[in-house]
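Read through the structure below, which is laid out as structure tokens, and then see the notes.
Along the sequence shown, residues are numbered consecutively beginning with 1.
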Amino acid sequence: IVAGTSAQTGANKIRITSEESGCNVYINGLQVSTLNAQSTYEYSMSTTGNCHIVTSKPVCVILYMGSYTNTGHVGDPSSVTIPPLERGICNSTFKVRSSSNLNDNQHYVNIVCDTRHDASMQFDGNALPTSGTSVSDNYILHHFPVTPGVHHIENEEGPFVAYAYG
């Protein structure tokens with residue numbers, strides 16, 4: 001599952017690179033490509049905020065977030081490798097740094113988990129601050145702003161994938 005990022009939707013691109021030939025790539029249930037080994041398919045997220053990617057063979061998925069200007073704040077381009085849901089984790093600690101050169105109100109975290117385990121998700125020892133959005137029959141996405149400091153995500157019931165940006 002690749003979640004769109006705040007303020008950058010439209011500038012986001014997903015690149016899917018196959019490890020093997022004959023890799024079928026599906027985005028939101030539609031086959032969009034068949035890749036050869038070491039070849040890449042690029043998808044623009046301008047038409048959808050979230051993408052459910054399924055492939056028939058191992059791939060590397062990278063989200064490229066483009067530069068943007070939003071109400072006077074400029075964001076530089078960045079990228080994040082999207083981990084497969086099969087490689088989810090049950091807890092994670094991360095730090096959001098504060099800087100006089102950065103807008104501390106523009107940091108976010110995306111968390112994707114199995115809908116069966118959603119009620120047990122914890123952020124900094126509390127229930128998640130959002131109700132989440134269904135991104136497929138089996139997965140739910142939580143997207144919310146985070147403040148500078150150290151944060152902890154945990155789910156004792158089952159694995160999740162998460163990434164922070166800002």
Side-chain angles (χ1 to χ4, degrees), residues 1-70 74-97 106-118 121 123 128 132-144 146 151-166:
I1 306 288
V2 180
T5 56
S6 290
Q8 296 170 324
T9 302
N12 295 330
K13 299 211 181 304
I14 301 169
R15 291 191 180 146
I16 304 164
T17 302
S18 178
E19 184 177 320
E20 303 174 23
S21 290
C23 177
N24 296 321
V25 177
Y26 300 85
I27 297 180
N28 298 330
L30 300 173
Q31 183 172 358
V32 295
S33 184
T34 299
L35 297 173
N36 292 320
Q38 308 306 314
S39 63
T40 299
Y41 175 77
E42 184 174 291
Y43 179 78
S44 173
M45 290 185 69
S46 61
T47 58
T48 181
N50 304 311
C51 297
H52 185 195
I53 299 171
V54 175
T55 62
S56 61
K57 299 193 178 184
V59 296
C60 177
V61 177
I62 299 176
L63 171 62
Y64 292 91
M65 297 171 273
S67 295
Y68 71 97
T69 301
N70 183 10
V74 177
D76 288 329
S78 61
S79 64
V80 62
T81 301
I82 305 298
L85 294 169
E86 297 84 9
R87 301 242 170 108
I89 56 177
C90 291
N91 65 70
S92 178
T93 301
F94 66 97
K95 181 177 183 177
V96 175
R97 71 182 281 244
Q106 300 225 350
H107 300 285
Y108 302 90
V109 65
N110 290 340
I111 302 170
V112 178
C113 69
D114 190 303
T115 54
R116 296 172 297 171
H117 310 300
D118 184 54
M121 287 294 308
F123 182 77
L128 296 181
T133 303
S134 178
V135 289
S136 77
D137 290 339
N138 300 324
Y139 296 100
I140 191 162
L141 162 70
H142 293 273
H143 167 83
F144 52 91
V146 292
H151 299 285
H152 185 74
I153 306 169
E154 185 173 18
N155 191 336
E156 294 180 7
E157 299 284 323
F160 62 89
V161 296
Y163 52 95
Y165 63 95

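Within the structure, salt bridge (charged side-chain N to carboxylate O under 4.0 Å, His left out) contacts touching residues 24-34 (residues at least two apart or in different chains) do not occur.
When every heavy atom of C51 is checked against every heavy atom of I14, the shortest pair comes out as SG-CD1, 3.8 Å. Between V146 and Y108, the closest heavy-atom pair is CG2-N, 4.0 Å. The two residues G22 and S56 come nearest to each other via the heavy atoms O-OG, 3.6 Å.
Remark: S79 engages I62, Y64 in a side-chain contact (heavy atoms from CB on, under 4.5 Å) (not counting sequence neighbours). Partners of H151 by side chain to side chain donor-acceptor pair (under 3.5 Å), not counting sequence neighbours, listed by chain and number: D124. Among residues two or more places apart in sequence or in another chain, the side-chain contact (heavy atoms from CB on, under 4.5 Å) test is passed with E19 by P58. Legend: residues meeting ring pair (Phe, Tyr, Trp, His ring centres under 6.0 Å) with Y26, ordered by chain and number and at least two apart, are absent.
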Taking distance alone, no hydrogens or angles, what donor-acceptor pairs closer than 3.5 Å link side-chain atoms of residues 34-42 to residues at least two apart or in another chain?
{"unit_1": "T34", "atom_1": "OG1", "unit_2": "N24", "atom_2": "OD1", "d": "2.9"}
{"unit_1": "T34", "atom_1": "OG1", "unit_2": "Q31", "atom_2": "NE2", "d": "3.0"}
{"unit_1": "S39", "atom_1": "OG", "unit_2": "N36", "atom_2": "N", "d": "2.9"}
{"unit_1": "S39", "atom_1": "OG", "unit_2": "N36", "atom_2": "O", "d": "2.6"}
{"unit_1": "T40", "atom_1": "OG1", "unit_2": "T17", "atom_2": "OG1", "d": "2.8"}
{"unit_1": "E42", "atom_1": "OE1", "unit_2": "R15", "atom_2": "NE", "d": "2.5"}
{"unit_1": "E42", "atom_1": "OE1", "unit_2": "R15", "atom_2": "NH2", "d": "2.8"}

Do any side-chain atoms of residues 80-96 form donor-acceptor pairs under 3.5 angstrom with protein atoms, and if so which ones, sequence neighbours left out?
{"unit_1": "T93", "atom_1": "OG1", "unit_2": "H152", "atom_2": "ND1", "d": "2.7"}

task = Report the C-alpha separation of V109 and I153 in whole Å, then their side-chain angles, then the decisive distance to 0.1 Å, and conclude whether the side chain to side chain contact (heavy atoms under 4.5 Å, CB included) test is met.
result = CA-CA 10 Å; V109 65; I153 306 169; 4.1 Å; yes

request  = Kindly indicate, with the supporting measurements, whether the criterion side chain to side chain contact (heavy atoms under 4.5 Å, CB included) is fulfilled by K57 and V59.
outcome  = CA-CA 6 Å; K57 299 193 178 184; V59 296; 5.8 Å; no

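Proximity of a side-chain donor or acceptor of N155 to a complementary backbone N or O of F160 within less than 3.5 Å is not detected.
Going from atom CZ of F144 over to atom NE2 of H107 covers 14.0 Å, rounded to the nearest 0.5 Å. If you take CG on L63 and CD1 on I16, they are separated by 11.0 Å, rounding to the nearest 0.5 Å. Between the CG atom of N50 and the CG atom of L141 there is a distance of 5.0 Å, given to the nearest 0.5 Å.
Taking 4.5 Å as the limit, every side-chain heavy atom of H52 sits out of range of all side-chain heavy atoms of V135.
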